[in-house]
Amino acid sequence: TRSTRPQRLLRAVQKKAIKGDPQSVISTIDYFCRHSEWAMNVGDEKGAILDSVVCEVSPSTALELGTYCGYSTVRIARLLPPGTKLITLEFNPDYAAVARQIIEYSGLQDKICLVEGASGDLIPKMQELFGIKTFDFVFLDHWKDRYLPDTKLLEECQLLRKGSILLADNVICPGTPDYLEYVRNSPRYESKYFKSHLEYTKVEDGLEKSVFLG
Ligand SMILES: CNc1ncnc2c1ncn2[C@@H]1O[C@H](/C=C/CNC(=O)c2cc(-c3ccc(F)cc3)cc(O)c2O)[C@@H](O)[C@H]1O
Ligand SMILES: [Mg+2]
C-alpha cells in the first residue's frame, strides 16, 4: 500500500538531514513541506516565534499537545536548557512511530518524553507519571476543538502556576474561536496575539501567547 505523508516526510529526513543535527532536521522538513508535500507542522515562520517564546521562558517543565511528526517537538527541545524535559502527547500510533524516529534522528531523545495517549486521559496523570507539579510552558497544536477543554483540565489539575505560559498554534487558521474568547476574556489570563502565516503559505494565521495569572 502507498506510504503515508508522515512516512514520506521521515524518509526525506533520513535521506537528507544530518544525523544528530536538529537544525538540519528542521530545515529538511521545511524544505520538503514547501517543495514536495505540505504538512501541518508549525513551520519556519511561526516556528521562529515559537523559538523566541521558548528562549524567553526557558522552561524547566514543558508540555506539547499533539506531536504529529515531531517537528515542533525538535524545535522546542533543541532550545531547552540541560536537564529539562519536554513531554509531548500523541494518540495516533502511526504518527507517534514516525515522530520517535525523527526525534531520534535529531539526537534530542534525552530531552523529550513522547507519551502515546489522549491528552484528556494523560493530563490528570502528569503528577503520578512524571512527578510534574506545574508546567512552565505548554504548546497547544492538537485538535483545535480540544484546546479549551484541555486548558480547563490543566487548570483543574493545578498544573498551571502564576506565570505559566500557554502558546497556541492556529488560532486563526483553522481557528480556535472558543479558546481565543476564553483566554482573551478570562481575568485569569493575560493574552497576546502574534500575527503570522499558515505554515508554508501566505494565508493569515498566528500564535496566541497567554500567561496564567493564578
Ligand atoms: C484530543 N487529544 C489528543 N491527544 C493526543 N494527540 C492528539 C489529540 N488530538 C489530536 N492529536 C494529535 O495531534 C495532531 C493533530 C493536529 C491537528 N492540527 C491541525 O488540524 C492543523 C491543521 C492545519 C490546517 C490549516 C489549513 C488547512 F487548509 C488544513 C490544515 C494547520 C495546522 O497547523 C494544524 O495544527 C495529530 O498528530 C493527532 O493525532
Ligand atoms: Mg498547527
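What you see is a predicted model; the values in this text were computed from it and never measured. Whatever order the structure lists ligands and atoms in, that order sets their numbers, starting from 1.
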Evaluate salt bridge (charged side-chain N to carboxylate O under 4.0 Å, His left out) for Asp205 paired with Lys202, printing each intermediate quantity in order. CA-CA 9 Å; Asp205 188 21; Lys202 293 183 169 46; over 6 Å; no
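- Asp169 has its closest N, O or S atom to the Mg ion (ligand 2) at the position named OD2.
- Atom 27 (C) of ligand 1 is not flagged as protein-proximal [any protein heavy atom, distance under 4.0 Å].
- Below 4.0 Å from some heavy atom of Asn92 lie the following atoms of ligand 1, by number and element: 39 (O).
- Within the 4.0 Å heavy-atom criterion, neither part of Asp205 lies near ligand 1.
- Which parts of ligand 1 touch Asp169 is read off a 4.0 Å heavy-atom cut-off, strictly below it: atoms 33 (O).
- Tyr189 and Leu140 fall within a single hydrophobic cluster, where Ile, Leu, Val, Met, Phe, Trp and Tyr are joined by side-chain heavy atoms under 4.5 Å apart, directly or via other members.
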Does Arg161 form a salt bridge (charged side-chain N to carboxylate O under 4.0 Å, His left out) with Asp136? I'd like the steps, not just the answer. CA-CA 8 Å; Arg161 49 120 176 122; Asp136 300 329; 2.8 Å; yes
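- Considering only non-hydrogen atoms, atom 6 (N) of ligand 1 lies nearest to Phe91 out of Trp38, Tyr200, Phe91.
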Can you check ring pair (Phe, Tyr, Trp, His ring centres under 6.0 Å) on His142 and Tyr147, steps first, answer last? CA-CA 7 Å; His142 58 331; Tyr147 284 23; 5.4 Å; yes
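- By heavy-atom distance, the residue among Cys173, Gly117, Gly66 lying nearest atom 5 (C) of ligand 1 is Gly117.
- Asn170 lies close to the Mg ion (ligand 2), since one of its N, O or S atoms is found at a distance under 2.8 Å.
- Under the 6.0 Å distance and 45° angle rule, Lys16 does not count as a cation-pi partner of Phe32.
- Checked for salt-bridge contact, Glu190 and Lys209 miss the test: no charged N lies under 4.0 Å from a carboxylate O.
- For Asp141, the N/O/S atom at the shortest distance from the Mg ion (ligand 2) is named OD1.
- The shortest N or O to N or O distance between Asn170 and ligand 1 is under 3.5 Å.
- Distances from atom 13 (O) of ligand 1 to the protein include at least one heavy-atom value under 4.0 Å.
- At least one cation-pi condition fails for Arg184 and Tyr179: the charged atom is not both under 6.0 angstrom from the six-membered ring centre and inside a 45 degree cone around its axis.
- Side-chain N/O atoms of Ser191 and Glu208 include a donor and acceptor closer than 3.5 Å.
- By heavy-atom distance, the residue among Tyr95, Trp143, Tyr147, Tyr68 lying nearest atom 15 (C) of ligand 1 is Trp143.
- A salt bridge links Arg100 with Glu116: the closest approach of a Lys/Arg side-chain nitrogen to an acidic carboxylate oxygen falls below 4.0 angstrom.
- Considering only non-hydrogen atoms, atom 23 (C) of ligand 1 lies nearest to Pro174 out of Ala39, Pro174, Pro93.
- Looking at Asp141 against ligand 1, both its backbone and its side chain come within 4.0 Å, counting heavy atoms.
- Summarising the contacts of atom 20 (O) of ligand 1 with Glu199, Glu90, Lys144, Lys46, the nearest heavy atom is found in Lys144.
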